[in-house]
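Each chain gets a letter, A, B and so on, in the order its sequence line appears, and its residues count up from 1. None of these values were measured; they are calculated from a predicted model.
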Amino acid sequence: MLGEGILKGLGETARNFAGSFVSAERLTTVQYPEERIAPIEATRDFPFLVYDGADWEAGLRCVACQICEKECPPRCIHIEKSKDKKPDFVGKAQFYPAVFDIDVAVCMSCQICVEVCPFDAIRMDNKFELSTTDRFGGLLWTKEQLAKPNEYYRQIHPTEAAETDERRVKELADAKAKAAAAAAAAAAKAAQQAAPGDGVSAVPTTPAKVVPQ
Amino acid sequence: MTLAFLILAVLTVAGGVAAMTLRRLVHCALALTVAFAGLAALYLNLGAEFAGLAQLLVYVGAIAILIVFAILLTHGGESDPEKVFSPAGIAGGVIALAVFAVLGWAVTTSSVAHGWGAGAAAQTSAPQTSVREIGLTLMQRYVLPLEVIALMLTAAMIGAVILAWREKRSVDPGAPSAPPSPELRV
Amino acid sequence: MVAGGAADQVFVNLDHWIVGHTPVPLQTLVSIVISIATIIVVFAGLFALTTVFERKGLGRIQNRYGPNRVGPCGVFQPLADAVKSLTKEDVVPRSADHVVHYLAPLVLVGVVFLTYAVLPVGRNMTAVNLDAGVLFFFAVGAGTELAIFMAGWSSHNKYSLLGAMRAIAQMISYEIPLILSSVAVIMTAGTLSTVAIVEKQARYSSTLAHWYVFTPWGLAGFILFMIAATAETNRSPFDLPEGESEIIAGYFIEYSGFKFALFFLAEYLEMFAVSGLGITLFLGGWSAPFSFLTWIPSWIWFFGKLLTLIFAFIWVRGTLPRLRMDQLMNFAWKFMLPMTLIVILSAGIWHFLTAAVVGPKPLGAVIRWLVCALVIFAPFITLARTLERGRKIEKRTYRFAE
Amino acid sequence: MNPLAGCLLVSALLFSVGLAGALTRRSAILVLAGIELMLNAANLNFIAFWRFGPHPEALTGFIFVIFSIAVAAAEAAVGLALILAIYRHARTSDVSEITEMKG
């Protein structure tokens, strides 16, 4: 009959109206600033620079190799290499970025910089409340703003961070073993020089350079 | 002759003059509406409440809208300002002036206007007519005219529908082809 | 019977007190100013409340919260909206007809406010008691169509012109069932005065009031009246003139800032006015439904009924999708018009089936009720069947999508 | 000037304006509008004579105005439909260009 469907529809909306006051699960809205949904682990928006230890300047992993700068599709990374060198986490002397800027107005969150970084120095953040009143300066992030501790990385992307940490521990161990081997070899060499004719048994065959994965 | 009457009269005549002289047809229609509404207010001012409201309902609510529709459907909104008045314009104006002169002369000199008007000038309050009385008069004394009007309205409605019915275009190669139907434009 | 007590006449007495304390030559003026100011303040306030309640209600219907940020539970939202619309830039298109463009919202709001003059919002609370009140309402209300045309045409935008043409076609079509369904009431009440119509309904036999909605023709007439009113005020599901999906905002597309707010205001005021007329004609105006409830002040009854109808409008808006133009016109001419004529017929039958014809009270009243209901219901079923038979519901086939 | 004469003068003025418009304008729609104005002027006369005449209770002028409004509505409907039909046929609503009766 004419009008039956209208009445059915009105009944449905009335149920919704009344139900929204009674049952909480009907209201799926999250009252954002007060309530919020925790971002899922794979969430990413803009990159940040990881550092180890307490001092961000000393602990910065970036060695200013500029691979990310070259790979970045929208060219939002700007790096200036330092003149001097400083030791990295394994003790090797490396350059460090004198200037490292990311223009987040240009960044498209593609994560290519993260993929190509051989030093695990750049990672994706998940902070999204980024409004600023300054269109130019406010959206150009410098080294100071980008540097974040490794603990923070572990917190936001635990699985990924665990993998990285594991790899780095292995690298460190390898480097130490290599150093020890080198030291042993040096000692053996010294001993050989001291006592020629002795064997070269204890030298490990690990490659000199650690290939990044 | 009250102030309200004067103001309304000026408004009405100004609306009428604007409706007959403005260049854009839609402006003319809107000015015409002002004249109609002013007349309705004049009726109310004269105590003819029902007639004033009927005037408002029919003229402002229906006829003005009808005129506006007709203007838009005949592309009247885009008439070129060169050809607003017809070649016989001056003659028409002279005739209208002559008519006004005669009417004005008749009004100012007629004994009816002086006799009745002077007598009724003392009668300041409007005659009380309730809608009920009007209805009863219509249904008793004037029932035949009412029926005739009803018949005429029905006939007019049917006629208007038939006239506005889109005629089937016969294929006639000799006839000047109509321009491709232009869309509704202002 | 002192219905309502002192609270009932509190505003009337206040008005008399203020007028009584002004110098005699100014009394008429002061009384007029008080009436106008009260109408503007009360109904503009109601508009502000309705905007926030509508958004909250629609939200609840869609299982959302609705606005709840500005002030406690979002009640200050209208204030924020007002500040926003007042501080926005008023953009007028260069090719617009400036005078007409400027006048259109003013004419619209002015005309809509005029219609409130004849609404009895309480006992002795009518701004102007006109002998032809209902006619005044419709006559003045006809001005809204012209204002809408002015807005649509002067913007010099094809969407606004289309919206205006749609709005006018729709309003003219639905004005006929709107007026015809009121004719049944006017016929039965024997008067065009809104005050007298309410007084006719404020009588009680035993406990029940003589509201026209309690009669079969009144019920049907009320439903038809409200459907026509929905179309007349361009509210969903009849909001084609401002269909966002095809003509963006219709006739007020080129309006911004305060003028846009005026259109918004006028639309809601129109809704209140036509609801108020529906209450006056069918729901007994300010009268209570049962005689034992007459102690509640009359104006509370009126505004209570008004809020209920507003809620119904919101409910319908949250339920039904927008119609198509041909469906809209077909509905007006093929369903509403015949049904309203049948309602008038039924009201006539009701008038002549007095106790002398159908017998004494209990049985006679039932017979009268049933006969009148049948006169409406049988044609309704026939009409609905006929209309549904003509409607072909087939599975759609797509030429390009498959 | 007494009120009746005032009404009659306003009405005469309106009638002349309508007449001038109907005679001088080229647009058929405005010719019709001019005729409507003349009709309205006559209505004003009826109301004035009813109001200031000797027998206002007889309602003659009043009823005449109501009938006249109904006739005007019918006239406008048919007239505008005619203009539309002519426009559709001749592609103009200019009265000085519609000179042929041949269809």
Side-chain angles (χ1 to χ4, degrees), chain B residues 1 5 9 12-13 16-17 19-20 25 28 32 35 39 42-43 46-48 51 54-55 58 62-63 66-67 70-71 73-74 76 79 83-86 89 92-93 95-96 99-100 103-104 107 113 116-118 120-121 126-127 129 134 137-138 142 145 149 152-153 156 159-160 163-164 178, chain D residues 1-10 12-21 23-27 29-30 33-34 36-37 40 44 47-48 50-54 56-57 59 62-63 65-67 69-74 76-78 80-85 87-88 91 93-96:
Chain B
M1 203 68 153
F5 179 85
T12 308
V13 174
V17 170
M20 292 299 116
L25 283 186
C28 293
L32 195 67
L39 264 172
L42 271 180
Y43 294 173
L46 289 174
Q55 159 97 3
V58 172
I63 294 184
L66 216 57
I67 288 176
I71 289 172
L73 287 176
T74 57
S79 63
K83 300 192 292 178
V84 170
F85 297 101
S86 62
I95 291 171
V99 167
F100 177 65
L103 285 176
V107 167
W116 285 3
T129 50
I134 296 165
T137 316
L138 268 178
Y142 294 95
I149 287 278
M152 187 209 65
L153 276 178
L163 276 175
Chain D
M1 204 193 297
N2 64 53
L4 177 58
C7 281
L8 295 184
L9 270 185
V10 170
L13 200 55
L14 211 57
F15 186 88
S16 313
V17 169
L19 183 63
L23 289 177
T24 56
R25 293 304 292 249
R26 292 170 68 116
S27 163
I29 296 167
L30 275 185
E36 291 286 346
L37 266 186
N40 265 304
L44 181 59
I47 289 285
W50 162 77
R51 168 75 170 77
F52 299 111
E57 70 285 343
L59 287 174
F62 197 100
I63 299 287
V65 167
I66 290 170
F67 285 154
I69 289 174
V71 172
V78 175
L80 291 170
L82 266 174
I83 291 174
L84 276 190
Y87 177 79
R88 217 179 285 137
R91 288 281 139 195
S93 61
D94 187 335
V95 281
S96 55

Identify the two heavy atoms, one from [X] and one from [Y], that lie closest to each other, and give their separation to 0.1 Å.
X: B/Ala156; Y: D/Val78; result: O-CG2, 3.7 Å
X: B/Leu66; Y: D/Ala77; result: CD2-CA, 3.7 Å
X: B/Ala96; Y: D/Ala20; result: CB-CB, 3.5 Å
X: D/Glu36; Y: B/Ile63; result: OE1-CD1, 4.1 Å
X: D/Ile47; Y: B/Ala48; result: CD1-CB, 3.6 Å
X: B/Leu103; Y: D/Ala12; result: CB-CB, 3.7 Å

Derivation of the side chain to side chain contact (heavy atoms under 4.5 Å, CB included) call for B/Leu46 and D/Leu44: CA-CA 10 Å; B/Leu46 289 174; D/Leu44 181 59; 4.2 Å; yes
[X] side, atom [atom1]; [Y] side, atom [atom2] - distance, nearest 0.5 Å:
X: D/Ile29; Y: B/Ile67; atom1: CD1; atom2: CD1; value: 8.0 Å
X: D/Leu37; Y: B/Leu39; atom1: CG; atom2: CG; value: 8.0 Å
X: B/Ile71; Y: D/Leu30; atom1: CD1; atom2: CG; value: 6.5 Å
X: D/Leu19; Y: B/Met20; atom1: CG; atom2: CE; value: 10.5 Å

Side chain to side chain contact (heavy atoms under 4.5 Å, CB included) between B/Gln55 and D/Asn40, intermediate numbers included: CA-CA 9 Å; B/Gln55 159 97 3; D/Asn40 265 304; 3.1 Å; yes
Close side-chain approach of [X] and [Y], heavy atoms under 4.5 Å:
X: B/Leu163; Y: D/Leu84; answer: no
X: D/Val10; Y: B/Phe5; answer: yes
X: B/Leu73; Y: D/Tyr87; answer: no
X: B/Phe100; Y: D/Val17; answer: no

Proximity breakdown for [X] and chain B, heavy-atom pairs closer than 4.5 Å:
X: D/Leu13; value: both
X: D/Val65; value: side chain
X: D/Ile69; value: both

D/Phe62: what forms a ring-ring contact (aromatic ring centres under 6.0 Å, His included) with it, not counting sequence neighbours?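 With sequence neighbours excluded, D/Phe62 shows a ring-ring contact (aromatic ring centres under 6.0 Å, His included) to D/Trp50, given in chain and number order.
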Using non-hydrogen atoms and a 4.5 Å limit, figure out which bit of [X] sits close to chain D: side chain, backbone, both or neither.
X: B/Ile149; answer: side chain
X: B/Ile134; answer: both
X: B/Leu42; answer: side chain
X: B/Val58; answer: side chain
X: B/Ala51; answer: both

With respect to chain D, which residue among B/Ala62, B/Cys28, B/Ala19, B/Ala9 yields the maximal number of heavy-atom pairs within a distance under 4.5 Å?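 The option with the most such pairs is B/Cys28.
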